[in-house]
Each structure stands twice: as structure tokens, then as C-alpha cells.
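Reading through the C-alpha cells given below for one structure.
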Amino acid sequence: MTERILSIQHLNAFRENLIREEKSAATIEKYLRDAGAFLAYSLDRSITKEHTVSYKRSLQEQGYAIRSINSILASINSLLDFLGWSDCKVKNLRCQRQTYCAEDKELSKAEYLRLLEASKHQEQLNLVIQTICGTGIRVSELKFFTVEAVRRGEITVQCKSKTRTILVPGKLKKLLLSYAKKHGIRNGAIFITKKGRPLD
């Protein structure tokens with residue numbers, strides 16, 4: 001069997017394939033970052049199942065969280081599938097699901113107020129905190145808070161094959177629309193970077 005040596009050319013082809021598959025820019029960046037780290041680890045060594053297992057073990061030894069390791073492995077396995085080296089793929093680590101939320105992971109009202117106080121001079125961050133805590137959304141879902149959706153008072157979040165609707169409390173709605181008006185944001189995402197891209 002021909003020796004399998006991972007190269008930068010493989011990563012470039014992988015990138016082009018991700019673009020053709022219409023993956024988001026964030027997903028492409030993440031997959032390539034993980035693939036690049038795997039390339040650096042491989043250092044001209046032949047890619048085998050044993051080698052990929054060794055890489056998985058090295059991530060554990062470096063102290064990565066289980067969810068982070070599984071996320072990295074998803075990128076690596078996608079790369080291996082693309083290259084036709086599927087026999088080198090490895091399984092995710094098993095993660096026991098918690099059926100409750102530990103008290104030390106809950107945000108108390110006092111902690112929430114301290115966060116608002118600490119961010120009072122950072123207008124966007126302060127409003128992001130209020131939006132996340134007021135609606136229970138994930139940070140990655142901020143992009144769905146558009147001027148149009150907030151005006152309606154309903155945010156439609158689409159994640160993979162799932163769609164859900166989030167209601168915007170009246171007070172938060174006023175704050176968001178006031179912020180958008182102040183910063184000349186007439187449509188599209190309310191939380192944007194200096195370059196005008198949706199905040200992630």
C-alpha cells in the first residue's frame with residue numbers, strides 16, 4: 001500500500017472541498033485549524049489508524065476537555081474521509097450526559113448584575129450579556145438577532161436541521177432597537193464587528 005503522507009496540498013484541496021460543500025466561513029476556519037494542527041503533529045509520518053489514535057491520546061494528555069477533543073476529531077475524520085483514508089478514522093470519546101445543572105454552573109442574579117456593572121463602559125458587550133441572559137440563547141445564535149426579527153419580537157434560530165422560535169422580551173426589544181438606531185444599523189444583524197460582520 002502506498003504510504004500516506006499528509007501535506008499542505010491535501011489541506012488546500014480539503015479547503016476547496018469545504019467551500020464547494022457550502023460550509024460556513026467559521027466552520028471552514030475551524031476544520032482547517034484542526035487539520036493544520038494534525039499536519040504539524042504528523043511531521044511527514046505515515047497516516048495510519050495507530051497514528052490517529054496516538055494523536056487522540058496526545059490531546060487527552062494535553063488536558064483538552066472531552067467536548068473539545070470530539071470537536072477536533074470531527075474535523076480530522078472529515079479530512080480523512082475526503083482523502084479516502086476512512087480506515088484511519090477514530091471514534092469520539094464517550095461523554096456522560098448530566099441530567100442536572102450543578103449549582104456552581106448556574107449564574108446567580110448577583111453575578112449577572114456584576115457582569116453588567118463590569119461591562120457598563122462596553123456598550124455592545126453589555127447588551128450581548130443582557131440578550132443571552134434574557135433569552136437563553138447561545139453566543140453562536142446572536143447572528144439571528146436582526147433588526148427585522150427584533151421588530152417582530154420573534155427570533156427564528158436555524159441550527160443544522162432544527163428550527164426554533166425565541167420571543168424577545170419587551171424591555172430587551174427596546175434596548176436592541178435603540179442600540180441599532182444609535183449605530184445606524186437599519187437592517188441585518190444587530191451585533192456586528194467593526195468590519196460589519198455578524199459577531200460570533
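Starting from 1, each residue takes its place in the sequence as its number. Below, all heavy atoms of this structure are taken into account, side chains as well, without hydrogens, waters or symmetry copies.
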* Asked: Looking only at heavy atoms, what is the nearest atom pair of Ala189 and Ile192, with distance?
  -> O-CG2, 3.4 Å

* Quick one: does Phe38's side chain get under 4.5 Å of His51's, heavy atoms only? -> yes

* To do: For residues Lys89 and Asp81, report the shortest heavy-atom separation together with the two atoms involved.
  => NZ-OD2, 3.0 Å

* Pair His183, Gln124: side-chain N/O donor-acceptor within cut-off below 3.5 Å -> no

* Kindly say whether Ile69 contributes a backbone atom to a donor-acceptor pair with the side chain of Lys56 at under 3.5 angstrom? => no

* Asked: Can you find a side-chain donor-acceptor pair between Gln130 and Asn126 that sits under 3.5 Å?
  -> yes

* **Atom of Thr52, atom of Ile47 and distance for their closest heavy-atom approach** => OG1-CG2, 4.4 Å

* Between atom CG of Leu73 and atom CG of Leu93, what is the distance when rounded to the nearest 0.5 Å? -> 6.5 Å

* Please examine the side chains of Thr135 and Ile155, heavy atoms only from C-beta on, and report whether any two atoms are closer than 4.5 Å. => no

* To do: Return the minimal non-hydrogen interatomic distance between Ile190 and Ala180, and the atom names on each side.
  => CG1-CB, 4.4 Å

* Within-4.5 Å side-chain heavy-atom neighbours: Lys182 and Ser178 -> no

* Asked: If two hydrophobic side chains count as joined below 4.5 Å and joins carry through other members, does Leu172 share a cluster with Tyr112?
  -> no

* Do the two ring centres, one from Phe82 and one from His10, sit under 6.0 Å apart? -> no

* Check the hydrophobic clustering (I, L, V, M, F, W, Y; side-chain heavy atoms under 4.5 Å; chains of links allowed) and say if Leu127 and Leu167 are grouped together. => no

* Hey, could you give me the NZ/SG distance between Lys49 and Cys88, rounded to the nearest 0.5 Å? => 8.5 Å

* Take atom CD of Glu29 as the centre, draw a 6.0 Å sphere, and report whether it contains more than 12 heavy atoms from other residues, nucleotides or ligands. => no

* Any side-chain heavy atom of Tyr55 sitting closer than 4.5 Å to one from Val90? -> no

* Structure fact -> For Ile66 and Arg94 the tightest heavy-atom approach is CD1-O, 3.9 Å

* Rounded distance (nearest 0.5 Å) linking atom CG of Leu125 with atom CG of Leu116 -> 9.5 Å

* To do: Check the hydrophobic clustering (I, L, V, M, F, W, Y; side-chain heavy atoms under 4.5 Å; chains of links allowed) and say if Leu83 and Leu43 are grouped together.
  => no

* Asked: Heavy-atom count around Lys30 NZ within 6.0 Å, excluding the residue itself: above 12?
  -> yes

* Asked: Does any non-hydrogen side-chain atom of Arg138 lie less than 4.5 Å from one of Val157?
  -> no

* Asked: Have Ser54 and Tyr41 got a donor and an acceptor in their side chains that come within less than 3.5 Å?
  -> yes

* Atom pair OG1/CH2 of Thr48 and Trp85 - distance to nearest 0.5 Å -> 11.0 Å

* Carefully, step by step, assess Glu117 and Arg114 under the rule salt bridge (charged side-chain N to carboxylate O under 4.0 Å, His left out). => CA-CA 5 Å; Glu117 176 63 24; Arg114 282 204 299 274; over 6 Å; no

* To do: Would you give the length of the straight line joining atom CD1 of Ile5 to atom OG of Ser42, rounded to the nearest 0.5 angstrom?
  => 8.5 Å

* **Side-chain touch Leu18/Phe14, heavy atoms, less than 4.5 angstrom** => yes

* Path from Phe191 to Leu115 over hydrophobic side-chain contacts below 4.5 Å -> no

* Asked: With sequence neighbours left out, which residue pairs that include part of residues 164-181 fulfil the salt bridge (Lys or Arg N to Asp or Glu O under 4.0 Å) condition?
  -> Glu141-Arg164

* To do: Taking all non-hydrogen atoms of both residues into account, name the closest pair between Leu6 and Leu39 and its distance.
  => O-CD1, 3.3 Å

* To do: Test Asn187 against Glu148 for side chain to side chain contact (heavy atoms under 4.5 Å, CB included), laying out the working first.
  => CA-CA 6 Å; Asn187 52 61; Glu148 298 85 348; 2.9 Å; yes

* To do: Report whether Leu177 and Ile129 are members of the same hydrophobic cluster (ILVMFWY, side-chain heavy atoms less than 4.5 Å apart, transitive linking).
  => no

* Asked: What distance do Ile185 atom CD1 and Thr146 atom OG1 have between them, rounded to the nearest 0.5 Å?
  -> 11.5 Å

